[in-house]
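Side chains are part of it too, since the values below use all heavy atoms of this structure and drop only hydrogens, waters and symmetry mates.
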Amino acid sequence: MRSTTKKSPAIIAILATAALAASACSSSKSGGSGAGNGATSAGGKSIPVATSNDINAKDASTLKSGVLTLAIDQYSSQWNTATNNGNEGDTAKVMSTLMPRLFHFDAAGNATPNKDYLVSADENTTAGKQVVTYKLNPKAKWSDGTAITYKDFVATWKAEAGSAAGFDVAGSVGYDQMASVERGADDQTVVVTYKTPFSDWKSMFDQFNGTGLYPASKIATADGWNKAYMNAIPVTAGPFKLATMDPTTKTVTVVPDPNWWGDKPVLSKIVFRAIDDTAAQADAYNNHELDAFEVGPSSANFAKVKDTTGGTVHYAGGPDWRHISMNSQAPALKDQVVRQAIYQAVNRQQIADVDLKNLGTWKPTVLNNRFFVNNQTGYQDNLGELAYNPDAAAKALDAAGWVKGSDGIRAKGGVKLDLKWIEPQGVKTSSNEAQMAKADLAKIGIGIEETPVNSDDFFDKYINVGQFDITAFAYLGNPFPVSSGAPQIQSVADPKNIHNNPRLDNAPDVDAALQKALTDTDPAQAIADANAADKAATKQATLIPLYQRPQIWATKSTLANFGSFGFQDFDWTKIGFTS
């Protein structure tokens with residue numbers, strides 16, 4: 001990547017694999033298709049069903065050890081993945097080898113307790129309140145030798161819900177619904193009581209490709225939370241431990257922790273090597289410098305690696321999606337009419353066709369939902385009145401008083417609709433999308449200035465701090481679509497809590513529907529309320545879905561239990577080689 005991918009306690013963002021990159025049957029309609037767990041198909045192409053994945057599954061006991069070398073898009077400075085600057089896809093991937101993971105998830109996204117950390121997790125109602133009791137594995141401990149206890153849960157909860165107290169958090173959904181986190185019968189029993197029901201409680205305190213549990217010894221204060229994992233990974237508790245961090249070569253190396261109490265990892269070492277250009281990543285894979293490469297939606301990179309000697313291409317349809325973000329606090333985008341006009345004027349089907357062309361069996365399909373991807377139970381098309389219609393967009397701008405100047409760009413009240421499109425250097429997908437959007441928007445009197453920036457700075461210095469007008473990147477989801485989707489569209493009360501990249505500060509209809517969805521105990525009702533929130537978010541028009549991001553990985557053919565995981569989590573202890 002640099003995957004311009006982003007994550008949250010719920011969702012992560014990635015740059016691109018252009019790739020993410022994100023990513024011609026030119027269609028004039030931006031229609032979506034697909035529902036439930038069935039694959040959409042046409043002309044022999046499809047989106048894989050949501051209950052399957054492709055990882056060359058093997059019994060770990062039959063595999064051979066070795067060194068696994070993977071590319072990451074950036075060498076991070078912040079390794080606390082629950083902070084705004086640490087909330088990125090590849091940072092989370094590295095940390096998932098090192099930190100606690102309370103649950104494992106199968107290909108369908110079903111959760112089971114991870115015995116290495118969790119003996120059990122039980123939910124019940126006590127005195128009208130939802131109560132979750134965790135019983136921790138007594139063998140589980142941090143790398144400094146201290147046991148993992150209720151104290152770590154208390155500290156993590158207070159941090160995640162503590163933005164007002166100076167804790168830098170990417171999102172607080174779920175944590176802000178907790179009334180208390182307390183010691184149970186012993187230090188290894190944790191009792192969490194919710195103020196209001198929270199259906200996605202299994203997403204809390206979990207390092208599933210994102211945020212999770214951190215040691216109280218390091219993060220109990222705002223200063224510790226914000227800085228202890230800055231340019232350092234001081235304490236871990238995973239099957240691997242940190243071996244080296246090298247900012248010069250931009251590599252992070254992890255090795256099996258001899259004090260690990262669970263199943264011994266098959267691999268002898270994992271090397272994460274930062275290569276911010278996805279084409280360079282593809283070349284490195286072809287040169288056998290990498291054992292696996294995330295192709296994502298890049299036809300150029302797919303063409304490079306599909307026939308690599310000794311390689312295999314894997315497909316899955318997971319919860320990841322690419323979108324266009326508009327900064328609602330930018331002067332030119334404060335007017336909802338302008339944002340809706342952009343929504344209607346951009347030909348998203350064309351973008352999907354271009355980004356996702358020549359990707360083998362993957363069908364380019366527009367996404368019209370911010371919670372559920374096309375192949376997922378709960379998906380429905382919520383596009384409503386904002387279907388592709390540049391004529392209607394132009395008329396709406398006329399009616400709102402946005403007048404074209406001699407240069408063809410509209411203006412009103414001293415504000416000109418000339419937008420700066422921020423994009424990471426070297427991500428061809430982002431550049432292609434900018435050029436297509438520029439051509440589309442020129443037709444209705446809106447200008448786009450394509451502005452490449454250093455990939456390592458894309459999130460930290462631009463997106464996370466609101467220094468952009470418009471951009472595109474991808475979100476990496478997880479098996480909890482409602483709680484993971486909420487931070488991207490809810491109103492932002494705290495300007496420092498900007499997991500809502502569009503920075504919308506007043507969306508009461510969205511907030512009301514979200515509040516209901518997050519407290520629904522009936523899964524069907526939660527889906528209905530999430531879709532109600534999504535319909536309201538469509539009208540706000542700050543976050544424009546483009547398409548479900550293909551999970552396409554090229555791997556060494558002998559690499560097992562690794563590839564395109566779909567809704568499943570990585571189990572780093574089981575990855576190895578067949579020969």
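Ring-plane geometry between Tyr134 and Trp201 is classed as perpendicular, the angle between the planes exceeding 60 degrees on a 0 to 90 degree scale with a lower cut at 30.
A distance of 9.5 Å separates CZ of Phe293 from OG1 of Thr308, quoted to the nearest 0.5 Å. Going from atom OG of Ser120 over to atom NZ of Lys135 covers 6.0 Å, rounded to the nearest 0.5 Å. For the atom pair OG1 (Thr112) and NZ (Lys202), the distance works out to 8.5 Å, reported to the nearest 0.5 Å.
Side-chain contact of Asp246 with Thr251: a donor-acceptor pair under 3.5 Å is absent, judged by distance alone. Using modelled atom types and a 3.5 Å distance limit, the side chains of Gln548 and Asn375 yield a donor-acceptor pair. Side chain to side chain, Thr253 and Arg273 fail the donor-acceptor criterion of an N or O pair below 3.5 Å. Using modelled atom types, one finds a donor on one side chain and an acceptor on the other under 3.5 Å when comparing Gln349 with Asp353. In this model, no donor atom of one side chain and acceptor atom of the other lie less than 3.5 Å apart for Thr312 and His314. Side-chain contact, Asn454 with Tyr462: no donor N or O sits under 3.5 Å from an acceptor N or O. No side-chain donor from either of Asn85 and Thr83 sits under 3.5 Å from a side-chain acceptor of the other. Side chains of Gln568 and Asp106: no donor on one and acceptor on the other come within 3.5 Å. Using modelled atom types, one finds a donor on one side chain and an acceptor on the other under 3.5 Å when comparing Glu450 with Ser431. Side chains of Trp142 and Asp152: a donor on one and an acceptor on the other come within 3.5 Å. For the 3.5 Å distance criterion, the side chains of Asp168 and Asn226 fail to qualify, holding no donor opposite an acceptor. Using modelled atom types, one finds a donor on one side chain and an acceptor on the other under 3.5 Å when comparing Ser96 with Trp572.
Trp553 meets the ring pair (Phe, Tyr, Trp, His ring centres under 6.0 Å) test with Phe562; sequence neighbours excluded. Judged as a side-chain hydrogen bond (donor to acceptor under 3.5 Å, both in side chains), and not counting sequence neighbours, Ser299 has no contacts. With sequence neighbours left out, the side-chain contact (heavy atoms from CB on, under 4.5 Å) criterion links Asp320 to Leu476, Arg549, Gln551. For Pro452, the side-chain contact (heavy atoms from CB on, under 4.5 Å) partners at least two apart in sequence or on another chain are Glu423, Gln425. Ile527 meets the side-chain contact (heavy atoms from CB on, under 4.5 Å) test with Phe372, Thr377, Asn531; sequence neighbours excluded.
Under the 3.5 Å distance criterion, the side-chain polar atoms of Glu88 are left unmatched by any main-chain donor or acceptor of Asp90. Under the 3.5 Å distance criterion, the side-chain polar atoms of Asn53 are matched with a main-chain donor or acceptor of Phe565. A distance-only check finds no donor-acceptor pair linking the side chain of Ser483 to the backbone of Asp200 [under 3.5 Å]. Remark: the backbone N or O of Gly310 is paired with a side-chain donor or acceptor of Ser557 at under 3.5 angstrom. A distance-only check finds a donor-acceptor pair linking the side chain of Tyr379 to the backbone of Asn368 [under 3.5 Å]. At distances below 3.5 Å, at least one donor-acceptor pair connects side-chain atoms of Gln281 with backbone N or O atoms of Ile275. Glu160 places no side-chain N or O within 3.5 Å of a backbone atom of Gly212 that could act as its donor or acceptor partner. Proximity of a side-chain donor or acceptor of Asp291 to a complementary backbone N or O of Thr69 within less than 3.5 Å is detected. Checking side-chain atoms of Ser65 against main-chain N and O of Val266 turns up a donor-acceptor pair under 3.5 Å. For the pair Arg348 (side chain) and Pro545 (backbone), a donor-acceptor distance under 3.5 Å is present.
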Working note: Val313 + Val295, criterion side-chain contact (heavy atoms from CB on, under 4.5 Å); need CA distance, chi angles, decisive distance, verdict.
CA-CA 9 Å; Val313 176; Val295 180; 5.7 Å; no
Check the pair Ile72 / Leu70 against side-chain contact (heavy atoms from CB on, under 4.5 Å), numbers first and verdict last.
CA-CA 7 Å; Ile72 52 178; Leu70 301 173; 5.8 Å; no
Decide yes or no on ring pair (Phe, Tyr, Trp, His ring centres under 6.0 Å) for Phe473 and Phe459, but give the supporting numbers first.
CA-CA 10 Å; Phe473 56 89; Phe459 285 117; 5.2 Å; yes
Apply side chain to side chain donor-acceptor pair (under 3.5 Å) to Asn301 and Thr278, showing your working.
CA-CA 8 Å; Asn301 288 339; Thr278 58; 3.3 Å; yes
Apply side-chain contact (heavy atoms from CB on, under 4.5 Å) to Asn286 and Lys304, showing your working.
CA-CA 8 Å; Asn286 273 338; Lys304 282 186 177 185; 3.8 Å; yes
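Pro100 is listed as a side-chain neighbour of Ile148, based on a closest heavy-atom distance under 4.5 Å. Here the side chains of Leu118 and His104 are not in contact, with every heavy-atom distance at 4.5 Å or above.
Applying the ring-ring contact (aromatic ring centres under 6.0 Å, His included) test to pairs two or more places apart or on separate chains, those with a residue in residues 227-246 are Tyr214-Tyr229.
With Arg101 as reference, Asp569 is the one residue of Asp569, Asp206, Asp116 to meet the salt bridge (Lys or Arg N to Asp or Glu O under 4.0 Å) rule.
For Phe153 and Phe205, the distance between ring centers is under 6.0 angstrom. Taking the ring centroids of Phe371 and Trp321, they lie at or beyond the 6.0 Å cut-off.
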